[in-house]
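A short worksheet on the structure shown next.
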There are 2 protein chains.
Amino acid sequence: MQKSIGDVSKEIGVSIHTLRYYEKIGLLPHITKDEGGRRRYEPKDIDRVRFIKRAKRMKFSLSEIHQLIRIETAELIDKPQAQKLISEKLQEVEQGLIDLMNLKKDLSGMLNACFKSGDNHDCPIIESIKDNKETP
Amino acid sequence: MQKSIGDVSKEIGVSIHTLRYYEKIGLLPHITKDEGGRRRYEPKDIDRVRFIKRAKRMKFSLSEIHQLIRIETAELIDKPQAQKLISEKLQEVEQGLIDLMNLKKDLSGMLNACFKSGDNHDCPIIESIKDNKETP
DNA sequence: ATACAACCTAGAGTTAACTCTAAGTCAAGA
DNA sequence: TCTTGACTTAGAGTTAACTCTAGGTTGTAT
């Protein structure tokens, strides 16, 4: 028997409200209902939810996630358009990696500089971070 | 002469509304005003704005940015607390790096698999992404 | 002196993404 | 059968982060 909304909610850690919301805005397909009118989630629906959750942790917006899903579900069969979307996304991701690596350097530098041996230096976080490469 | 709100807005690419908003919520200090009551931004204020913009691009929320700023401005002189905050932030950043590296692999894999030589395969984005390491 | 842009405040409006509520239905156990 | 908990819909409420508006003031160029 397929899983109920409560099962999916617990399994993945997304509230039942949010699951219905995702369905309403089209991020999930219309979930089939049993005789009593309750949602029954198929494995592929659950994969979709898992994917959404993961993409959200990467700070993609719901509309970006929607786009990614459309690529796969072939609602976007337009090859060039899909390719363009993916490469753009890839570039964003690469910029994000650079940003995070810089921040990581800054933060671990602060940990070393400010907290090494209980001694009171200044912790120039804004100074140290302000002059990294800028991309709008 | 110090810079006006319009100058700062153009220089950094943040609207004047947003600049006043950041000041209102305490993300920027009270900006000194000239005789006519207009804001005059000092270099350190502008550095702060630049920092906020950069942190936002890394998807930090305003309240997280606030915390980072408090570490520096020594409103948070409590050494252990600041250290805890920075290490937590560092861990988040490291997890973010892992996530983004996985996504980069997935996306460039898709580009290769789906668009290599004009041939129509399937593009299993959700499938390929769903089983990566999970962290809440 | 007058026009005009840039600024001021206070507060209303917007968007994304939930989150909750009310009022009712369904299913399983005592 | 009765109760209890999980579910249903429609719609209202919330939070973050802006974004805009109204109505007024200031500074500069002609």
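All heavy atoms count here, side chains included; hydrogens, waters and symmetry mates do not. Within every chain, numbering begins at 1; the chains are lettered A, B, ... in the order of the sequence lines, protein sequences first and strands thereafter.
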In whole angstroms, how far is the P atom of C:dC20 from the CG atom of A:Leu19? 14 Å

Between A:Arg38 and B:Tyr22, name the one whose nearest nucleotide on DNA chain D is closer to the 5' end. A:Arg38

What are the bounds, 5' to 3', of the part of DNA chain D that sits under 4.0 Å from heavy atoms of chain B? D:dA17 to D:dG27

Separation of A:Glu35 atom CD from C:dT25 atom P, in whole Å? 18 Å

Under-4.0 Å salt bridge between A:Glu11 and A:Arg50: yes

Calculate, to the nearest 0.5 Å, the distance between atoms OG1 and NZ belonging to A:Thr18 and A:Lys56 respectively. 9.0 Å

Gap between atoms CZ and C1', on B:Arg39 and C:dA6 respectively (whole Å): 13 Å

A:His17 has an atom NE2; how far is it from atom P of C:dT21, in whole Å? 8 Å

Considering all heavy atoms, the nearest B:Glu23-B:Tyr41 contact: OE1-OH, 4.4 Å

Which heavy atom of B:Arg40 sits nearest a heavy atom of B:Ile31, and at what distance? O-CG2, 3.3 Å

Using a heavy-atom cut-off of under 4.0 Å over every strand shown, decide if A:Ile25 touches base, sugar-phosphate, or nothing. nothing

Side-chain N,O (B:Lys3) to OP1/OP2 (C:dA6) below 4.0 Å: no

I need the B:Asp7 CG to B:Arg39 CZ distance, nearest 0.5 Å. 14.0 Å

Nucleotide C:dC8, atom P - distance to OH of B:Tyr21 in whole Å: 18 Å

Is any side-chain heavy atom of B:Val93 closer than 4.5 Å to a side-chain heavy atom of B:Phe60? yes

Measuring only between side-chain heavy atoms, which start at C-beta, is A:Val49 closer than 4.5 Å to A:Ile46? no

Return the 5'-most residue of the pair A:Gly37, A:Phe60 with respect to DNA chain C, ranking by each residue's nearest nucleotide. A:Phe60

Base, sugar-phosphate alone, or nothing: which one does B:Ser15 contact when heavy atoms must sit under 4.0 Å apart? nothing

Expressed in angstrom and rounded to an integer, what is the separation of A:Lys24 atom NZ from C:dC20 atom C1'? 12 Å

Let me spell it out: for each of A:Gly36 and B:Arg20, pick the nucleotide of DNA chain C with the closest heavy atom. Which residue's pick is nearer the 5' end? B:Arg20

What's B:Ile5 touching, base or sugar-phosphate or nothing? Going by heavy atoms closer than 4.0 Å. sugar-phosphate

For B:Ile31 and C:dC8, give me the distance from atom CD1 to atom C1', rounded to whole Å. 15 Å

Whole-Å distance, B:Lys10 NZ to C:dA5 C1', equals 10 Å

Assign B:Lys56 to base, sugar-phosphate, or nothing according to its heavy-atom contacts below 4.0 angstrom with the strands shown. sugar-phosphate

